[in-house]
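Right, one structure below, let's go through it.
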Amino acid sequence: MLQVNYIRENKNLVLERLRVKNFSQPQLIEEIIDLDDQKKTLQLQVETLQANANVAAKQVGDLIKKGKHSQAEAIKNSTIIAKENIKNLLVKINDTEQVLHQKLILIPNLPHTSVPKGKTSDENEVVLSYGYTPTLPENALPHWDLAAKYNLIDFELGVKITGAGFPVYKGKGAKLQRALINFFLAEAEAAGYHELMLPLLVNEASGFGTGQLPDKEGQMYFCNTDNLYLIPTAEVPITNLYRDVMVKENELPIKNCGYTPCFRREAGSYGAHVRGLNRLHQFDKVEIVQIAQPYHSYEILEQMSLHVQQLLQKLGLQYRVLRLCGGDMSFASALTYDMEVWSAAQKRWLEVSSVSNFETFQSNRLKLRYKTTEGKTQLAHTLNGSALALPRIVAAILENYQTSNSIQIPTCLHPYTGFASIS
RNA sequence: GGAGAGAUGUCAGAGUGGUCGAAUGAGCCAGCUUGGAAAGCUGGUGUACUGGCAACGGUACCGAGGGUUCGAAUCCCUCUUUCUCCGCCA
């Protein structure tokens with residue numbers, strides 16, 4: 001959520017930046033400023049009345065103490081009208097604020113100046129490519145066939161007990177999952193992240209704090225009886241740990257990480273491109289999250305991007321880094337890098353990580369602030385990234401490391417799997 | 001799930017319907033003191049919105065939301081949450 005005062009003071013810049021994100025309702029900016037003006041006028045009125053009422057109430061107290069009851073009664077009567085006015089004005093202010101808020105939360109975050117213009121993922125900018133395309137054996141298989149061939153993942157069993165998109169990992173397939181999680185967590189810890197184990201269900205305030213609500217309500221599973229949402233990413237519980245929190249500047253940057261399953265409804269996405277592990281309703285992910293001073297956040301974004309890239313390098317996967325264009329970025333992000341690995345048998349890029357700087361967009365909703373060493377309070381910047389999401393990594397490992405009769409496990413995982421190949 | 005007791009500032013912890021943004025203590029910051037430190041002394045020390053060029057003001061906030069009242073931290077209602085006891089349970 002943007003700050004009203006920022007919008008007011010930088011109206012033209014805001015409008016220009018929103019064009020990069022292809023924002024379709026620029027008139028909202030003017031409406032927001034108008035509503036804020038109205039609110040201020042009303043607030044000034046009501047506060048004047050309240051100040052008078054406070055004085056009057058004090059006078060009544062004094063007069064009663066001095067035994068001047070008739071004078072006290074006179075003042076009492078005179079305040080009754082003012083009270084009515086205050087009440088009405090407060091209702092008006094509340095209404096205005098609500099309309100203002102409703103409009104404000106429709107404004108996406110402003111993209112960073114380096115964000116390319118563009119409407120679709122075709123216009124994302126390839127920042128760098130790394131690694132070589134592996135040479136596969138003649139009869140190379142896509143990962144879903146490999147998963148069946150080596151009895152690693154059972155998609156049909158998942159359909160039976162839950163539904164499509166909830167695979168059952170078996171034997172070495174399950175162990176590979178556990179190994180990847182441990183590898184990712186160990187790497188995150190080595191990079192200075194503090195490990196957390198988190199609730200998988202969150203309340204509405206948390207969903208709002210990180211921007212999933214109201215924007216992506218339909219993407220989250222919802223437990224009606226208890227009013228809780230299943231988390232679509234560990235970003236939600238981790239970042240919301242700092243909702244309504246004031247941190248000290250010398251504590252920054254705060255680096256947290258956590259492994260969680262992630263639940264996404266992915267309503268309306270079916271077909272060949274979501275086959276196998278390409279898109280799931282439940283998947284595992286290690287997330288890294290940082291809270292930083294505004295003047296450090298872009299440097300930190302690069303560090304986080306590097307951290308993710310190093311994971312991919314250690315896994316020996318060919319990847320590329322994209323800077324998302326305005327049209328492909330998320331609502332809340334100011335700058336996002338997507339990492340994609342090459343899925344050699346499917347012959348396509350798979351997104352395995354997304355690293356974003358939200359600047360103050362989340363922290364304004366969260367009321368996550370820090371006190372500078374000079375004693376000023378200001379909103380912190382929040383950043384997060386997947387490091388990494390498992391299913392597509394597994395897909396790429398299975399496909400890229402296949403031989404005609406086995407799958408070789410990347411060396412960095414051997415200490416975690418306890419085996420070097422699957423056959 | 002049932003019964004009871006709580007929720008006050010950074011923390012601990014007072015608080016009679018008016019003099020309460022809130023005692024007291026600790027912490028923290030600054031100054032004095034000191035060769036330096038500790039102790040001691042003095043002063044300061046919440047957040048949000050808002051008026052004003054500023055100096056300096058105003059309003060709101062005692063878990064959240066309503067209500068009673070001229071006036072609410074204090075009384076009433078609802079909710080959230082913590083603790084204790086009982087029940088159930090991995």
Side-chain angles (χ1 to χ4, degrees), chain A residues 1-9 32-105 197 199-209 213 223-229 237 240-252 254 291 360-380:
Chain A
M1 187 164 69
L2 300 180
Q3 296 168 87
V4 180
N5 282 339
Y6 183 86
I7 294 177
R8 177 191 290 282
E9 286 158 23
I32 283 168
I33 295 172
D34 283 350
L35 282 164
D36 192 47
D37 284 341
Q38 286 174 35
K39 194 195 98 181
K40 279 186 183 174
T41 311
L42 291 168
Q43 193 169 329
L44 208 56
Q45 285 174 26
V46 81
E47 285 182 1
T48 310
L49 289 173
Q50 280 172 329
N52 292 339
N54 286 344
V55 170
K58 243 168 214 158
Q59 285 174 346
V60 171
D62 289 342
L63 289 169
I64 289 173
K65 228 172 253 169
K66 290 176 189 156
K68 299 178 179 170
H69 291 281
S70 56
Q71 287 181 39
E73 282 306 314
I75 296 179
K76 270 193 200 181
N77 291 334
S78 74
T79 56
I80 289 170
I81 303 158
K83 236 183 91 177
E84 226 14 71
N85 284 338
I86 289 173
K87 218 174 182 175
N88 293 337
L89 280 169
L90 284 175
V91 171
K92 250 192 212 169
I93 289 175
N94 193 24
D95 291 349
T96 311
E97 272 178 344
Q98 277 193 15
V99 177
L100 177 63
H101 186 251
Q102 290 307 316
K103 291 188 192 272
L104 203 54
I105 60 178
M197 196 165 255
L200 305 182
L201 289 97
V202 293
N203 55 32
E204 192 183 339
S206 294
F208 178 78
L213 294 175
C223 301
N224 201 35
T225 323
D226 298 291
N227 256 293
L228 296 170
Y229 295 85
N240 272 282
L241 254 26
Y242 296 88
R243 175 150 44 85
D244 295 317
V245 166
M246 176 93 74
V247 296
K248 293 195 185 103
E249 183 165 17
N250 61 21
E251 295 167 344
L252 298 174
I254 294 171
I291 299 166
T360 58
F361 194 81
Q362 290 183 330
S363 59
N364 190 33
R365 287 188 172 201
L366 293 160
K367 296 200 170 50
L368 161 52
R369 292 160 303 170
Y370 73 99
K371 193 155 246 173
T372 65
T373 38
E374 296 88 46
K376 251 181 72 187
T377 56
Q378 64 180 91
L379 294 171

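Chain letters run A, B, ... following the sequence lines, proteins first, then strands; residues in each count from 1.
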- Query: Between B:G46 and B:A22, how far is it from one C1' atom to the other, in whole Å?
  - Reply: 12 Å
- Item | Between P of B:A60 and CD of A:Gln45, the distance in whole Å | 16 Å
- Query: Considering only the P atoms, how many Å lie between B:G63 and B:U16, rounded to the nearest integer?
  - Reply: 15 Å
Under 3.5 Å, N/O pairs linking protein and nucleotides 49-53 of chain B:
{"unit_1": "B:C49", "atom_1": "O2'", "unit_2": "A:Gln43", "atom_2": "OE1", "d": "3.3"}
{"unit_1": "B:C49", "atom_1": "O2'", "unit_2": "A:Gln43", "atom_2": "NE2", "d": "2.6"}

- Query: Could you walk me through whether A:Asn203 and A:Tyr229 pass the side chain to side chain contact (heavy atoms under 4.5 Å, CB included) check?
  - Reply: CA-CA 6 Å; A:Asn203 55 32; A:Tyr229 295 85; over 6 Å; no
Tabulated below should be each protein N or O lying under 3.5 Å from an N or O of nucleotides 75-83 of chain B; please produce it.
none

- Task: Using salt bridge (Lys or Arg N to Asp or Glu O under 4.0 Å) as the criterion, list what pairs up with A:Asp37, not counting sequence neighbours.
- Result: A:Arg8
- Message: Applying side-chain hydrogen bond (donor to acceptor under 3.5 Å, both in side chains), can you list everything that pairs with A:Gln50, at least two apart in sequence or on another chain?
- Response: none
Table of protein N/O atoms under 3.5 Å from nucleotides 16-20 of chain B N/O atoms:
{"unit_1": "B:G18", "atom_1": "N2", "unit_2": "A:Ala57", "atom_2": "O", "d": "2.6"}

- Message: Any non-hydrogen side-chain atom of A:Ile75 less than 4.5 Å from a side-chain atom of A:Gln71?
- Response: no
- Expressed as a whole number of Å, how far does the P atom of B:U74 sit from that of B:C61? 10 Å
- Message: Can you work out whether A:Ala53 or A:Gln50 has the more 5'-proximal nearest nucleotide on RNA chain B?
- Response: A:Gln50
- Query: What's the verdict on side chain to side chain contact (heavy atoms under 4.5 Å, CB included) for A:Phe208 and A:Ile105, showing C-alpha distance, side-chain angles and the deciding distance?
  - Reply: CA-CA 10 Å; A:Phe208 178 78; A:Ile105 60 178; 3.9 Å; yes
- Query: Closest nucleotide of RNA chain B for A:Lys87 versus for A:Val55: which of these residues is on the 5' side?
  - Reply: A:Val55
- Message: If I pick the P atom on B:G4 and the same atom on B:C79, what distance separates them, to the nearest angstrom?
- Response: 14 Å
- Can you tell me how far C1' of B:G65 sits from CG of A:Asn94, to the nearest Å? 12 Å
- Side-chain N or O of A:Asn54 closer than 4.0 Å to phosphate OP1/OP2 of B:A60: yes
- Message: Quick check: do A:Leu49 and A:Lys83 have side-chain heavy atoms less than 4.5 Å from each other?
- Response: no
- Dot-bracket assigned to RNA chain B with the 3.5 Å Watson-Crick/G-U criterion, [ ] for crossing and | for other-strand pairs, is ((((((((.[[[..)..(.....]]]((((((.......))))))((((((....)))))).[[[[[..)....]]]]])))))))....
- Task: In whole angstrom, give me the gap between the C1' atoms of B:A72 and B:G17.
- Result: 6 Å
- Query: Rounded to whole angstroms, how far apart are NE2 on A:His69 and P on B:C70?
  - Reply: 15 Å
- Query: What interatomic distance, in whole Å, is found between C1' of B:G9 and the corresponding atom of B:U45?
  - Reply: 11 Å
- Message: Set out, in order, the CA-CA distance, both residues' side-chain angles and the distance that settles side chain to side chain contact (heavy atoms under 4.5 Å, CB included) for A:Lys248 and A:Lys371, then state yes or no.
- Response: CA-CA 5 Å; A:Lys248 293 195 185 103; A:Lys371 193 155 246 173; 5.6 Å; no
- Does the side chain of A:Val247 come within less than 4.5 Å of A:Ile254's, by heavy atoms? yes
- Message: Using a 3.5 Å distance criterion without hydrogens, assess whether the side chain of A:Asp244 forms a donor-acceptor pair with backbone atoms of A:Lys367.
- Response: no
- Item | Gap in Å between the two C1' atoms, one belonging to B:G13 and one to B:A26, rounded | 11 Å
- Message: According to side chain to side chain contact (heavy atoms under 4.5 Å, CB included), who are the partners of A:Val55, at least two apart in sequence or on a separate chain?
- Response: A:Gln59
What are the atom names and distances for every N/O pair under 3.5 Å that joins the protein to nucleotides 43-47 of chain B?
{"unit_1": "B:U47", "atom_1": "OP1", "unit_2": "A:Lys371", "atom_2": "NZ", "d": "2.8"}
{"unit_1": "B:U47", "atom_1": "O3'", "unit_2": "A:Arg369", "atom_2": "NH1", "d": "3.1"}

- Message: Between P on B:G27 and NZ on A:Lys248, what's the gap in Å once rounded to a whole number?
- Response: 15 Å
- Task: Indicate yes or no: at least one non-hydrogen side-chain atom of A:Leu252 is less than 4.5 angstrom from one of A:Tyr370.
- Result: yes
Would you give me the side-chain donor-acceptor pairs under 3.5 Å for residues 89-104 of chain A, sequence neighbours excluded?
{"unit_1": "A:Thr96", "atom_1": "OG1", "unit_2": "A:Lys92", "atom_2": "O", "d": "2.7"}
{"unit_1": "A:Lys103", "atom_1": "NZ", "unit_2": "A:Glu31", "atom_2": "OE1", "d": "2.6"}

- Message: Taking B:U10 as the reference, what is the distance to B:U69 when you measure between their C1' atoms (whole Å, please)?
- Response: 34 Å
- A:Gln45 atom CD, neighbour heavy-atom count above 12 within 6.0 Å: yes
- Query: Given atom CG of A:Leu63 and atom P of B:G71, what is their separation to the nearest angstrom?
  - Reply: 16 Å
- Item | Which atom of A:Ser363 lies closest to which atom of A:Ala380, heavy atoms considered | OG-O, 2.6 Å
- Hits for side-chain hydrogen bond (donor to acceptor under 3.5 Å, both in side chains) against A:Arg243, two or more places apart or cross-chain, chain-then-number order -> A:Ser206, A:Asn240
- Query: Who are the side-chain hydrogen bond (donor to acceptor under 3.5 Å, both in side chains) partners of A:Lys76, not counting sequence neighbours?
  - Reply: A:Glu73
- Query: Starting at CG of A:Leu366 and ending at C1' of B:A48, how long is that distance when rounded to a whole Å?
  - Reply: 17 Å
- Item | For A:Asn85, all residues meeting side-chain hydrogen bond (donor to acceptor under 3.5 Å, both in side chains), sequence neighbours excluded | none
